[in-house]
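Take a look at the structure set out below.
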Number of protein chains: 2
Amino acid sequence: MDVETTANCTCLNLRKASRAVTQFYDEAFKPVGLRVTQFSLLALVANKGPAGMKELAKFLVMDRTTLTRNLKPLIDQGFLVVIKSDDRRQRPIAITSRGRNRLAQALPLWREAQNRVVANLGRETWVGLLQSLSATVSATTHE
Amino acid sequence: MDVETTANCTCLNLRKASRAVTQFYDEAFKPVGLRVTQFSLLALVANKGPAGMKELAKFLVMDRTTLTRNLKPLIDQGFLVVIKSDDRRQRPIAITSRGRNRLAQALPLWREAQNRVVANLGRETWVGLLQSLSATVSATTHE
DNA sequence: TTAAGTCAGGTGTATATACACCTTATTTTT
DNA sequence: AAAAATAAGGTGTATATACACCTGACTTAA
């Protein structure tokens, strides 16, 4: 495997796989009208409880302003809301009951897609992939 | 590693790593005013010679129409051109000498970023990552 | 040999991504 | 306590991504 060949670019291959897998999950979520990005955001807010945008963005390795835009369709549809905070600079995000319902509908679809990917890859390979991805985030992120 | 925990979503973690690595490479390319997506496209066309859009899109696991939009800034800047084909449905894409020059300027920056990632990850892990990514594309793509 | 089918590619729209720049609110300095 | 610094978040703009739908060109079937 030649490190110096542009076809082996780490970023190119990550983005390529990212597109492939996103298409796969988005297809699975069609019946509930969510995209995988939106599902992940809903699940994240549901699990982390009300959270500030900076915290969410940092966890997702996502620019703060990208998160703002990604939240919009979910807030517009009433799945998430901006709540009050003592520190009035913060606008914490919380999930609504509407959001929880939609998430509950989406969960089985997610499980099926996830299980199919793990089965197709083989569990060993999948575990290795997730570990490498985590290491890759660390290897390219400062602070 | 629990397959059924949404934080372990294959897609979420791929997209996360994709963002992290894209930010890393984009930073490296700043001096030549390219993004990693644009660099990869230039390098691909340079290596594959004039190629139809369908072929390029398939290789990249990218929607045809996404490729159309991604080519635009490169064509506008004169790095790539649309050339004639016997089959007038096709609009093959070729690299210009301007494009080759820019690519040559970008290559050392790419090598440095790529080498840093491989070094930070460790060569073994990196090879494993690229293999898993390739397997993942196969595991999620029909055709 | 023309009509139907297929194939390459583009456009409209919506979301995803991030940089530069701006506003408002809290915290720290002097 | 007022000024300076910092912190949280939004907006304008440009690229990245893909679906639905459209056009024009070749191919195949009647």
Side-chain angles (χ1 to χ4, degrees), chain A residues 11-12 14-27 29-30 33-42 50-58 60-77 79 82-93 140-141, chain B residues 11-12 14-27 29-30 33-42 50-58 60-77 79 82-93 140-141:
Chain A
C11 193
L12 169 63
L14 256 170
R15 292 183 69 92
K16 209 164 132 172
S18 206
R19 285 190 292 267
V21 174
T22 299
Q23 286 161 24
F24 185 85
Y25 280 76
D26 275 354
E27 175 69 28
F29 283 123
K30 261 187 185 167
L34 288 176
R35 299 194 177 184
V36 63
T37 311
Q38 302 177 342
F39 169 82
S40 293
L41 252 179
L42 278 186
M53 294 187 48
K54 189 173 187 180
E55 184 191 352
L56 293 174
K58 184 172 179 180
L60 293 166
V61 196
M62 181 183 281
D63 192 274
R64 208 177 33 73
T65 66
T66 300
L67 182 57
T68 300
R69 309 295 157 99
N70 289 357
L71 288 172
K72 187 170 187 306
L74 295 169
I75 292 173
D76 288 351
Q77 290 180 272
F79 298 147
V82 181
I83 62 176
K84 299 278 180 197
S85 166
D86 284 348
D87 185 335
R88 282 183 308 171
R89 287 174 301 186
Q90 288 190 55
R91 281 159 231 197
I93 307 299
T140 51
T141 305
Chain B
C11 194
L12 170 63
L14 256 170
R15 292 182 70 92
K16 208 163 134 173
S18 204
R19 285 190 291 269
V21 174
T22 299
Q23 285 161 24
F24 185 84
Y25 280 75
D26 276 354
E27 175 69 29
F29 283 123
K30 262 188 184 165
L34 287 176
R35 299 192 179 186
V36 63
T37 311
Q38 302 175 343
F39 169 81
S40 292
L41 251 178
L42 277 186
M53 295 187 48
K54 188 173 186 180
E55 184 190 355
L56 294 173
K58 184 172 180 181
L60 293 166
V61 195
M62 180 184 282
D63 191 273
R64 210 175 32 74
T65 67
T66 300
L67 182 57
T68 299
R69 310 294 158 98
N70 289 359
L71 288 171
K72 187 171 187 304
L74 295 169
I75 291 173
D76 288 351
Q77 289 180 276
F79 298 148
V82 180
I83 63 176
K84 298 278 179 195
S85 166
D86 284 347
D87 185 334
R88 283 182 308 171
R89 286 174 301 186
Q90 287 192 56
R91 281 158 233 197
I93 307 299
T140 51
T141 305

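A note on names: the letters A, B, ... follow the listed sequences, proteins ahead of strands, and every chain is numbered from 1. Keep in mind that this is a model prediction, so the values were computed, not measured.
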Problem set entry | Ser40(A) side, atom OG; Arg35(A) side, atom CZ - distance, nearest 0.5 Å | 13.5 Å
Problem set entry | Separation of atom CG in Leu67(A) from atom P in dA18(C), rounded to whole Å | 11 Å
Problem set entry | Between P of dT6(C) and NZ of Lys54(B), the distance in whole Å | 13 Å
Exercise. Can you list the residues that meet the side-chain contact (heavy atoms from CB on, under 4.5 Å) rule with Arg91(A), with sequence neighbours excluded?
Worked result: Val82(A)
Exercise. When the distance from NZ of Lys30(B) to C1' of dC19(C) is rounded to whole Å, what number comes out?
Worked result: 8 Å
Donor-acceptor pairs under 3.5 angstrom involving side-chain atoms of residues 64-74 of chain A: please list them, not counting sequence neighbours.
unit_1	atom_1	unit_2	atom_2	d
Thr65(A)	OG1	Asp63(A)	OD1	2.6
Thr68(A)	OG1	Arg64(A)	O	3.3
Lys72(A)	NZ	Asp76(A)	OD2	2.8

For this session: Take Arg64(A) and Arg91(A), find for each the nucleotide of DNA chain C with the closest heavy atom, and name the residue whose nucleotide sits nearer the 5' end.
Result: Arg64(A)
Exercise. Counting just side-chain N and O atoms, does Thr68(A) come under 4.0 Å of either OP1 or OP2 of dG10(D)?
Worked result: yes
For this session: Report the distance from atom NZ of Lys72(B) to atom P of dG9(C), rounded to the nearest whole Å.
Result: 18 Å
Seminar exercise, completed: Ile83(A) atom CD1 is separated from dG9(D) atom P, nearest whole Å, by 12 Å
Exercise. Heavy-atom distance under 4.5 Å between the side chains of Leu41(A) and Ile93(A), does that happen here?
Worked result: no
Problem set entry | From NZ (Lys16(B)) to SG (Cys11(B)), nearest 0.5 Å | 13.0 Å
Problem set entry | Gap between atoms CD and P, on Glu27(A) and dC19(D) respectively (whole Å) | 8 Å
Exercise. Sequence neighbours excluded, which residues qualify as side-chain contact (heavy atoms from CB on, under 4.5 Å) partners of Glu55(B)?
Worked result: Lys48(B), Ala51(B)
For this session: Return the set of residues passing side-chain contact (heavy atoms from CB on, under 4.5 Å) with Thr140(A) (not counting sequence neighbours), or none when no residue passes.
Result: Ala20(B), Val21(B), Phe24(B), Val117(B)
Exercise. Tell me, do Leu12(A) and Val36(B) make a side-chain contact under 4.5 Å, heavy atoms counted?
Worked result: no
Below 3.5 Å between N/O atoms, which protein atoms pair up with nucleotides 14-17 of chain C? Just atom names and distances, please.
unit_1	atom_1	unit_2	atom_2	d
dA16(C)	O3'	Arg15(B)	NH2	2.8
dT17(C)	OP1	Arg15(B)	NH2	2.9
dT17(C)	OP1	Arg19(B)	NH1	2.9
dT17(C)	OP2	Asn70(A)	ND2	2.8

Exercise. Whole-Å distance between dG9(C) P and Gln90(B) CD?
Worked result: 5 Å
For this session: For Ile93(A) and dA8(D), give me the distance from atom CD1 to atom C1', rounded to whole Å.
Result: 12 Å
Problem set entry | Main-chain N/O of Thr22(A) paired to Arg15(B) side chain as donor or acceptor, under 3.5 Å | no
Enumerate the protein-to-nucleotides 24-26 of chain D contacts in which both atoms are nitrogen or oxygen and the separation is below 3.5 Å.
unit_1	atom_1	unit_2	atom_2	d
dC26(D)	OP1	Arg88(B)	N	3.0
dC26(D)	OP2	Arg88(B)	NH2	3.3

